[in-house]
Amino acid sequence: MAAAGEGTPSSRGPRRDPPRRPPRDGYGVYVYPNSFFRYEGEWKAGRKHGHGKLLFKDGSYYEGAFVDGEIMGEGRRHWAGSGDTFSGQFVLGEPQGYGVMEYKAGGCYEGEVSHGMREGHGFLVDRDGQVYQGSFHDNKRHGPGQMLFQNGDKYDGDWVRDRRQGHGVLRGADGSTYEGQWHSDVFSGLGSMAHCSGVTYYGLWINGHPAEQATRIVILGPEVMEVAQGSPFSVNVQLLQDHGEIAKTRGHAPHCPGACQRVEQGCAEFTDVLLGPPPPGYHPFLFLDSLHKKAGGRSRGGLHPRGTPPTTQEPPGGSRPEGRATEEQAAAAHLGEYVLMIHDLTTPPFLGRRLPPAFKHLRVVAKRAGQPPHVPEEGPEASSSWQAAHSCTPEPPAPR
């Protein structure tokens, strides 16, 4: 029988040992009462002080300097949840100052930090290998900075909360260069682009596109251009906007194909164009018979299968011996009706878009002795209309 007041194991609560006290000085290991934290390292007057390692139950840890029980100084912090690791300066347990952050998802950051976030100047490599060097605020690219993109493009300019905004220069991997204003990561405001194809644009940009971009090509001159057989002629082309104004801010490529002699903003002049016969294996087909009676023979139009007549060049001096008249006729385009086509060959297309082709009705007539190279239509109105083909001025609007 048990003695009175002795009690039994079932009536007594489980025995609990008092928590261990932290070491006073020197090296020691301490497990906190909630067992989530464990410290191994140096102590001074019962506080963590010196070099040590604080381990968390979820696998995270900090290893480095401690001062009076706080994480202070140089150290290394690993977060088990994200897998990220920071090595550098700490103040009261947070990354503060200068350090290197390695991201588990890929990439790293080296530079200034504040309260654990990128703040100040730094160098960032993201998971795609893109490189940014410049200013940061609130963990985002903010202020002046330079960026090398994955596709090889390089940007040097202003940033606002991870977006290009303000003034900047973009040098594309394809050789194109844009310098001007940005907003929300796209061209916006006044800017100049020198496209890799040779096309240039200076003016206003809206949401990444030119505000005054050319939308169509126009061939100046009369409705039907008449050219004497074997004679060179000129073609004037304009780039127009939707509302009919000349796209003055877009310049044509300086390496104009063919015999292009003069290029201005929004206008190109092709001089000394000479129509030749179809190449071997290509045959002219009967298009119109309007010149059959005048020419004393069949009226033919030598059209290239792709819609563009072949051209040849006049020899130096612009003249040929008279004894070779028969050879000249053989080397010239056949008399008849043609369709002259001007199409955008910009390679690559300007901002990924080509203009639709322009067409002009062209008539090759027999050359008469003493006749000038260009044969205008009869009547004063036709004559003045032909003169328009020799100047870069807009055609009058068609009557509605």
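The figures here come from the full heavy-atom set of this structure, side chains too, leaving out hydrogens, waters and symmetry mates.
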Enquirer: Let me check something: do Val273 and Ile342 share a hydrophobic cluster, defined by ILVMFWY side-chain heavy atoms less than 4.5 Å apart, either directly or through other members?
Expert: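 Looking at the clustering, Ile342 is in the same group as Val273.
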
Enquirer: Short question: side chain of His142, backbone of Arg161 - any donor-acceptor pair under 3.5 Å?
Expert: yes

Enquirer: Tell me if a side-chain donor or acceptor on Gln165 pairs with a main-chain N or O of Ser184 at a distance below 3.5 Å.
Expert: yes

Enquirer: Got more than 12 heavy atoms from elsewhere within 6.0 Å of CG, Asn207?
Expert: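 Counting other residues, nucleotides and ligands, CG of Asn207 stays at 12 neighbours or fewer.
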
Enquirer: If the threshold is 4.0 Å, N to carboxylate O, is there a salt bridge linking Arg38 and Glu40?
Expert: yes

Enquirer: Quick check for you: to the nearest 0.5 Å, what is the distance between Cys267 atom SG and Leu239 atom CG?
Expert: 8.5 Å

Enquirer: How close do Val365 and Leu335 get, heavy atom to heavy atom, and via which atoms?
Expert: C-CD2, 3.5 Å

Enquirer: Using the rule that two of Ile, Leu, Val, Met, Phe, Trp, Tyr join whenever any of their side-chain heavy atoms come within less than 4.5 Å, decide whether Val67 and Phe90 are in one cluster.
Expert: no

Enquirer: Using side-chain heavy atoms (C-beta onward) and a distance below 4.5 Å, is Asp126 in contact with Tyr132?
Expert: no

Enquirer: Treat each ILVMFWY residue as a node, draw an edge where side-chain heavy atoms are under 4.5 Å apart, and state whether Phe149 and Trp182 are in one component.
Expert: yes

Enquirer: Roughly how far, to the nearest 0.5 Å, is CZ of Phe36 from NZ of Lys57?
Expert: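 Between atom NZ of Lys57 and atom CZ of Phe36 there are 8.5 Å.
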
Enquirer: At their closest point, which heavy atom of Glu74 faces which heavy atom of Tyr62, and how far apart are they?
Expert: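 Taking every non-hydrogen atom into account, O-OH, 3.5 Å.
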
Enquirer: Looking at every heavy atom in both Ala173 and Gly152, which two are closest together, and how far apart are they?
Expert: CB-C, 3.8 Å

Enquirer: Can you find a pair of side-chain heavy atoms, one from Val169 and one from Arg171, that are under 4.5 Å apart?
Expert: yes

Enquirer: For the residue pair Arg77 and Phe56, would you count it as a cation-pi contact if the rule is NZ or CZ under 6.0 angstrom from the ring centre and within 45 degrees of the ring axis?
Expert: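 Cation-pi check for Arg77 and Phe56: passes.
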
Enquirer: Counting N and O atoms only, with roles assigned by atom type, does the side chain of Asp162 sit under 3.5 Å from a partner on the main chain of Lys140, one being a donor and the other an acceptor?
Expert: no

Enquirer: Report yes or no: does Asp84 contribute a side-chain atom to a donor-acceptor pair with the main-chain N or O of Lys104 at less than 3.5 Å?
Expert: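 Pair found, side chain donor or acceptor close to backbone of Lys104.
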
Enquirer: Could you measure the distance from the CZ atom of Arg24 to the CZ atom of Arg47? Nearest 0.5 Å is fine.
Expert: 10.0 Å

Enquirer: Tell me if the centroids of the rings in Tyr39 and Phe37 come within less than 6.0 Å of each other.
Expert: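 No: the rings miss the under 6.0 Å criterion.
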
Enquirer: Quick one: does Gln89's side chain have a donor or acceptor within less than 3.5 Å of a partner on Tyr98's backbone?
Expert: yes

Enquirer: For the NZ atom on Lys53, are there more than 12 heavy atoms of other groups (residues, nucleotides or ligands in this structure) within a distance under 6.0 Å?
Expert: yes

Enquirer: Please write out which residues are connected to Val160 in a hydrophobic cluster, directly or through intermediates, given that two of Ile, Leu, Val, Met, Phe, Trp, Tyr count as joined at side-chain heavy-atom separations below 4.5 angstrom.
Expert: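 The other cluster members (ILVMFWY side chains, heavy atoms under 4.5 Å, direct or chained): none.
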
Enquirer: Between Leu340 and Val235, is any pair of side-chain heavy atoms under 4.5 Å apart?
Expert: yes

Enquirer: Between the main-chain N or O of Leu345 and the side-chain N or O of Thr347, is there a donor-acceptor pair closer than 3.5 Å?
Expert: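 Between the backbone of Leu345 and the side chain of Thr347 there is a qualifying donor-acceptor contact (under 3.5 Å).
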
Enquirer: Quick one: do Glu42 and Lys48 satisfy side-chain contact (heavy atoms from CB on, under 4.5 Å)? Show the steps, please.
Expert: CA-CA 6 Å; Glu42 297 177 315; Lys48 299 182 291 292; over 6 Å; no

Enquirer: List the atom of Leu274, the atom of Gly230, and the distance in Å for their closest heavy-atom pair.
Expert: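 Taking Leu274 first and Gly230 second, the nearest heavy atoms are CD1-O, 3.4 Å.
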
Enquirer: If the plane angle is over 60° it's perpendicular, under 30° parallel, otherwise tilted; pick one for Phe350 and Tyr201.
Expert: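 Answer is tilted, since the angle falls between 30° and 60°.
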
Enquirer: Is the charged tip of Arg118 near the ring of Tyr109: under 6.0 Å from the six-membered ring centre and within 45° of its axis?
Expert: yes

Enquirer: Do the side chain of Asp58 and the main chain of Ser60 share a donor and acceptor less than 3.5 angstrom apart?
Expert: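 Here the side-chain-to-backbone pair exists.
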
Enquirer: Report yes or no: do Leu170 and Leu351 belong to one cluster of Ile/Leu/Val/Met/Phe/Trp/Tyr joined by side chain heavy-atom distances under 4.5 Å?
Expert: yes

Enquirer: I'd like to check Val91 versus Met72 (side-chain heavy atoms, cut-off strictly below 4.5 Å). Are they in contact?
Expert: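 Side-chain contact under 4.5 Å: yes.
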
Enquirer: Do His121 and Glu112 get their side chains close enough for a donor-acceptor pair, meaning under 3.5 Å?
Expert: no

Enquirer: Looking at side-chain heavy atoms only, is the closest gap between Phe86 and Val113 below 4.5 Å?
Expert: yes

Enquirer: If every non-hydrogen atom of Tyr338 is compared with every non-hydrogen atom of Ala333, which pair is closest and at what distance?
Expert: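 Scanning both residues completely, I find the closest heavy atoms to be OH-CB, 3.5 Å.
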
Enquirer: Within the supplied structure, the quantity of interest is the number of heavy atoms (other residues, nucleotides, ligands) at a distance under 6.0 Å from Arg354 CZ; does it exceed 12?
Expert: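 Yes, CZ of Arg354 has more than 12 neighbouring heavy atoms, counting only those of other groups under 6.0 Å.
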
Enquirer: Report yes if the side chains of Asp138 and Met117 come closer than 4.5 Å at any heavy-atom pair, otherwise no.
Expert: yes

Enquirer: Can you tell me if His361 and Glu337 form a side-chain donor-acceptor pair at under 3.5 Å?
Expert: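 On atom types as modelled, these side chains qualify, holding a pair under 3.5 Å.
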
Enquirer: How far apart are the C-alpha atoms of Phe233 and Leu275, what are their side-chain angles, what is the distance that settles it, and do they pass the side-chain contact (heavy atoms from CB on, under 4.5 Å) test?
Expert: CA-CA 9 Å; Phe233 62 99; Leu275 298 181; 3.8 Å; yes

Enquirer: Give, for atom CH2 of Trp205 and atom OG of Ser188, the distance between the pair rounded to the nearest 0.5 Å.
Expert: 11.0 Å

Enquirer: So do Leu220 and Val237 actually touch side chain to side chain, heavy atoms under 4.5 Å?
Expert: no

Enquirer: Side chains of Lys154 and Met147: does their closest heavy-atom pair fall under 4.5 Å?
Expert: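 Answer no - side chains too far apart.
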
Enquirer: Applying side-chain contact (heavy atoms from CB on, under 4.5 Å), run through Cys196 and Asp174 and close with a yes or a no.
Expert: CA-CA 6 Å; Cys196 58; Asp174 62 357; 3.6 Å; yes

Enquirer: Is it true that a side-chain atom of Trp43 and a backbone atom of His49 form a donor plus acceptor pair closer than 3.5 Å?
Expert: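 Side chain of Trp43 to backbone of His49, a donor-acceptor pair under 3.5 Å: no, none is there.
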
Enquirer: Not counting sequence neighbours, list each pair that qualifies as a salt bridge (charged side-chain N to carboxylate O under 4.0 Å, His left out) and has a residue in residues 177-193.
Expert: Arg164-Asp185

Enquirer: Does Asp158 reach the main-chain N or O of His167 with its side chain, forming a donor-acceptor pair under 3.5 Å?
Expert: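 It does hold such a pair.
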
Enquirer: For a side chain to side chain donor-acceptor pair (under 3.5 Å) check, start with the C-alpha distance between Glu94 and His115, then their side-chain angles and the critical distance, and finish with the verdict.
Expert: CA-CA 6 Å; Glu94 290 187 319; His115 301 288; 3.0 Å; yes

Enquirer: I'd like to know if Asp25 pairs up with Lys44 as an ion pair, taking the criterion as any Lys NZ or Arg NE/NH1/NH2 lying under 4.0 Å from an Asp or Glu carboxylate oxygen.
Expert: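 Salt bridge: no.
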
Enquirer: Would you mind checking if Glu63 and Arg76 are paired as a salt bridge, meaning a charged N to carboxylate O distance below 4.0 Å?
Expert: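 A salt bridge is absent here (no side-chain N lies under 4.0 Å from a carboxylate O).
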
Enquirer: Name the one of Tyr202, Tyr155, Phe187 that satisfies ring pair (Phe, Tyr, Trp, His ring centres under 6.0 Å) with Tyr178?
Expert: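 Of the listed residues Tyr202, Tyr155, Phe187, the ring pair (Phe, Tyr, Trp, His ring centres under 6.0 Å) partner of Tyr178 is Phe187.
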
Enquirer: When you look at Ser231 and Lys367, which way does the side-chain contact (heavy atoms from CB on, under 4.5 Å) test go after all the steps?
Expert: CA-CA 8 Å; Ser231 297; Lys367 185 176 182 180; 3.6 Å; yes

Enquirer: So how far is it from Cys108 SG to Arg127 CZ, rounded to the nearest 0.5 Å?
Expert: 13.5 Å

Enquirer: So which heavy atom on Asp344 is nearest to which on Arg353, and how close?
Expert: OD2-O, 4.4 Å

Enquirer: Please report the interatomic distance OG1(Thr85) to CD(Glu102), rounded to the nearest 0.5 Å.
Expert: 6.0 Å

Enquirer: Judged by modelled atom types alone, do His137 and Glu119 share a side-chain donor-acceptor pair under 3.5 Å?
Expert: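 Glu119 and His137 do have a side-chain donor-acceptor pair below 3.5 Å.
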
